[in-house]
Amino acid sequence: MITFKQASMESYFRTLNITDFDVSPQQDEIIYSTNLNGHYNLWAMKLDKGYPYQMTNTNQMNSFVKYDPSGRYILTGYDFDGDEDYHVYAFPPTGGETTPILQKKGEKYYYGELSKDGNTFYYVTSEGNPSFLNICRINLETNEKEVLLSGDVGPSYLYSVSPDESSFAYSKSIGNTSAFGYIARNQEHILISPAGEEAHRVSQVEYLTNDEVLVLSNFGSEFTYLASFHLQTKTFEKLVELDGFELSQLTLDSTNNRVFFVAGRGAEDHLYVYELETKKLDRVDKPFDIVDKIVIKNGHLYTLGRSSVTPANLYRSEQLNDWEQLTEHQLLGVKESELIQPEVLSYSSFDGLEIEALYFSPKKELDNGYTILWPHGGPQWAERKNFRAIFQYLCSQGYRIFTPNFRGSTGYGESFLKLVNKDWGGGPRLDIIAGMDWLIEQGKASTDKWFCIGGSYGGYMTLLLHGRHSDRFKAFVDIFGPSNLFTTLETAPEHWKAADAESIGDAVIDREKLIEDSPMTYIDAMNKPMLVIQGANDPRVVKVESDVIVEAMQSRGQDVEYLVLEDEGHGFSKTENAIKVYKTMVSFLQKYVD
């Protein structure tokens with residue numbers, strides 16, 4: 001019989017991704033952002049044919065995509081090589097060259113909403129207000145712009161616009177613990193939740209009518225729930241609360257007078273439908289673990305979903321009990337049965353706090369005995385049952401992967417989320433160490449066979465663990481991790497700075513704590529081999545944060561490798577870059593496997 005080769009690294013890292021999508025008004029076509037040609041572009045697919053065709057050739061990651069309801073154009077947004085200065089463009093329904101709608105060097109333009117007639121585009125911008133942002137609109141027929149609201153005190157973002165465009169819902173963020181929701185109508189700014197100054201978050205507002213909105217908020221609760229708010233009576237009423245679950249992605253199905261939403265906790269999402277008239281709530285079964293987006297067209301449900309062993313794909317359901325997979329993204333030459341489903345583990349940390357973690361264990365015949373600690377980014381984020389090609393490839397090479405959702409992670413309630421504020425290097429670090437000890441006690445890891453890899457906040461934690469617990473690891477891989485919290489605060493995007501002061505700390509008031517929690521404080525103790533990876537255009541963690549670490553280690557003659565990607569920012573948007581990064585990473589690890 002013919003013997004086939006094992007799937008190569010490129011088979012894993014050429015797996016296709018989808019970041020956003022929309023469905024045409026006629027419901028005959030779907031458009032989505034994917035890296036089908038190795039770069040992110042917009043591709044479309046006729047739903048009765050099922051074969052994609054390219055719509056743009058910008059080779060940049062799209063921030064959104066939206067059909068004109070009248071079919072005259074398609075809107076999208078993208079930055080340049082990861083600089084995160086997003087601009088807005090239009091292109092014809094047949095695809096082709098993009099035409100700038102909102103574009104100015106150094107400014108940012110975020111999607112807000114497109115009017116029902118497609119003539120007015122609402123957006124949020126840094127232009128004229130880089131610290132707190134402005135909510136604006138542009139008439140797409142005349143190009144006339146209007147500032148609707150100038151952000152103050154904290155950044156403002158647009159939730160939605162009323163059907164008759166007489167009012168709009170927006171948020172005002174105060175630090176990183178509050179996002180107050182308001183309705184702006186007739187010069188009046190109406191607070192949605194009866195909170196006064198009490199800290200809480202309004203995460204989403206959708207109009208049912210011109211006088212009633214649906215709201216996702218955690219006002220008075222640990223977790224986000226569904227509520228309604230009547231503009232005339234100013235009545236706030238809780239409708240649906242699922243104990244221990246965060247609700248998100250509220251999507252109105254006006255055809256059937258119902259709404260869909262996602263209920264998430266920790267590693268997995270659940271999908272629900274709520275009948276507005278009967279108040280009936282049902283859970284919708286689905287063939288994927290994570291729901292990235294929901295779109296409703298004429299009562300039909302479209303979703304972008306993925307799982308630990310299934311890459312991002314688009315799905316459609318007409319009756320909620322049947323699902324049609326519209327795209328067929330899968331690993332090249334790798335069966336789903338060969339991929340690893342993670343265990344969801346739970347352990348008690350140093351102070352008794354319960355911590356959840358994902359643990360990927362390779363097949364026994366491949367296991368090399370080494371465990372990779374992978375602290376997630378954020379820090380207010382979480383590792384979930386997302387498809388990660390690097391995880392699956394590392395498992396195929398015999399590595400175990402441990403990724404804990406330490407304090408500060410999302411999906412475990414507001415109190416848990418806030419535990420990381422002004423304690424970036426304390427509690428989360430000790431949660432990780434406690435998890436490593438627990439995993440060793442359970443026989444799932446060996447004391448002397450650990451690596452650490454992390455990106456963004458995970459890169460920060462990788463550096464900190466190298467400086468404070470180097471004896472626990474064989475080697476480290478830092479992917480654009482902050483090394484000096486003073487630099488992080490100083491170089492952050494302007495509209496992030498108020499939130500960073502509450503999340504990370506104040507450079508003057510919290511000086512001693514920032515010194516204690518900065519990896520650079522412990523640079524002399526970083527004595528193990530390390531690979532550092534950095535995007536040259538990264539606006540969140542600027543290149544100098546990695547430069548200083550590498551220069552310090554090189555000056556001591558230590559084993560340090562440095563890979564800088566000149567055309568990337570805070571991530572790897574180009575397939576060839578991702579392959580280069582992960583090949584370098586795996587080769588680096590292999591040098592230290594006994």
Side-chain angles (χ1 to χ4, degrees), residues 13-78 88-99 111 114 118 249 251 253 255 260 271 284 286-307 309-320 322-332 336 386-387 389 573-575:
F13 298 129
R14 291 196 185 279
T15 304
L16 300 181
N17 187 32
I18 299 174
T19 60
D20 197 14
F21 78 99
D22 196 19
V23 181
S24 67
Q26 299 79 19
Q27 208 173 326
D28 63 341
E29 181 183 68
I30 195 164
I31 189 167
Y32 55 103
S33 176
T34 183
N35 56 341
L36 189 57
N37 68 338
H39 300 266
Y40 280 91
N41 283 291
L42 291 173
W43 293 68
M45 182 171 63
K46 294 294 184 185
L47 291 174
D48 63 344
K49 295 183 179 179
Y51 190 85
Y53 48 94
Q54 193 166 350
M55 296 288 278
T56 65
N57 193 35
T58 59
N59 292 337
Q60 301 292 342
M61 183 175 286
N62 302 86
S63 57
F64 76 92
V65 59
K66 186 71 175 179
Y67 280 101
D68 166 35
S70 301
R72 297 165 293 181
Y73 60 81
I74 300 170
L75 291 179
T76 189
Y78 51 84
V88 177
Y89 304 85
F91 60 94
T94 53
E97 295 295 324
T98 58
T99 298
Y111 177 82
L114 185 62
Q249 298 192 51
T251 309
D253 177 4
T255 301
F260 290 86
L271 180 62
V284 180
K286 54 182 175 50
F288 41 87
D289 292 327
I290 302 297
V291 184
D292 290 319
K293 186 175 181 179
I294 302 169
V295 171
I296 306 293
K297 289 289 183 181
N298 301 321
H300 293 168
L301 172 65
Y302 295 82
T303 64
L304 170 58
R306 68 189 78 211
S307 304
V309 297
T310 309
N313 278 290
L314 296 169
Y315 300 82
R316 173 173 59 185
S317 179
E318 297 185 7
Q319 303 299 326
L320 303 187
D322 61 329
W323 287 94
E324 177 186 4
Q325 186 173 327
L326 301 175
T327 55
E328 292 290 340
H329 293 175
Q330 53 188 296
L331 266 74
L332 181 65
E336 186 173 309
N386 275 309
F387 179 81
S573 62
K574 300 169 180 65
T575 300

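- Rounded to the nearest 0.5 angstrom, R72 CZ and Y67 OH are separated by 15.5 Å.
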Exercise answer: donor-acceptor pairs, residues 45-55 side-chain atoms, under 3.5 Å, sequence neighbours excluded:
| unit_1 | atom_1 | unit_2 | atom_2 | d |
| --- | --- | --- | --- | --- |
| Y53 | OH | E29 | OE2 | 2.2 |
| Q54 | NE2 | T56 | O | 2.8 |
| Q54 | NE2 | N57 | OD1 | 3.4 |

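- Annotation: side chain to side chain contact (heavy atoms under 4.5 Å, CB included) contacts of N298 (sequence neighbours excluded): Q27.
- Between the T99 side chain and the F91 main chain, no donor and acceptor come within less than 3.5 Å of each other.
- Considering only heavy atoms from C-beta on, T303 comes within 4.5 Å of L301 through its side chain.
- Distance CG/L42 to OG1/T98: 9.5 Å, rounded to 0.5 Å.
- The OG1 atom of T58 lies 11.0 Å from the CE atom of M61; values are rounded to the nearest 0.5 Å.
- Of the possible polar contacts, none joining the T327 side chain to the N313 backbone as a donor-acceptor pair under 3.5 Å is found.
- Residue N35 holds its CG atom at 9.0 Å from CD1 of I18, rounded to the nearest 0.5 Å.
- The shortest side-chain heavy-atom distance between N41 and L36 does not fall under the 4.5 Å cut-off.
- When all heavy atoms of K297 and D22 are compared, the pair lying nearest together is CE-OD1, 4.4 Å.
- In this structure the side chain of I30 never reaches within 4.5 angstrom of the side chain of S24, judged on heavy atoms.
- Remark: H300 NE2 to E324 CD distance equals 11.0 Å, nearest 0.5 Å.
- Remark: T19 engages S33 in a side-chain hydrogen bond (donor to acceptor under 3.5 Å, both in side chains) (not counting sequence neighbours).
- A ring pair (Phe, Tyr, Trp, His ring centres under 6.0 Å) with Y89 is found for one member of Y78, Y73, F64 and no other, namely Y78.
- Checked against side-chain hydrogen bond (donor to acceptor under 3.5 Å, both in side chains), D20 has the following partners two or more places apart in sequence or in another chain: K293.
- No side-chain heavy atom of S307 sits less than 4.5 Å from a side-chain heavy atom of F387.
- Judged by distance alone, the side chain of N62 and the main-chain N or O of T76 form no donor-acceptor pair under 3.5 Å.
- Put simply, the side chain of S63 gets close to the backbone of G77: a donor and an acceptor are under 3.5 Å apart.
- Within the 4.5 Å cutoff, no side-chain heavy atoms of T34 are placed close to those of N17.
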### Task
I would like to know whether Y302 and Y315 meet side chain to side chain contact (heavy atoms under 4.5 Å, CB included); could you show each step before the answer?
CA-CA 6 Å; Y302 295 82; Y315 300 82; over 6 Å; no
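- The two residues G118 and P69 come nearest to each other via the heavy atoms CA-CD, 3.8 Å.
- Contact check for N37 versus N59: side-chain heavy atoms found under the 4.5 Å cut-off.
- No side-chain heavy atom of W323 sits under 4.5 Å from any side-chain heavy atom of Q325.
- Legend: residues meeting side chain to side chain contact (heavy atoms under 4.5 Å, CB included) with D253, ordered by chain and number and at least two apart, are T255, N256, R258, F260, I296.
- The closest side-chain heavy-atom distance from L75 to D68 is not below 4.5 Å.
- For residues 19-42, no pair satisfies ring pair (Phe, Tyr, Trp, His ring centres under 6.0 Å), with sequence neighbours left out.
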### Stepwise salt bridge (Lys or Arg N to Asp or Glu O under 4.0 Å) check, D292 with R306
CA-CA 8 Å; D292 290 319; R306 68 189 78 211; 2.5 Å; yes
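- Nearest approach of I74 to P92, heavy atoms of both residues: CD1-O, 4.5 Å.
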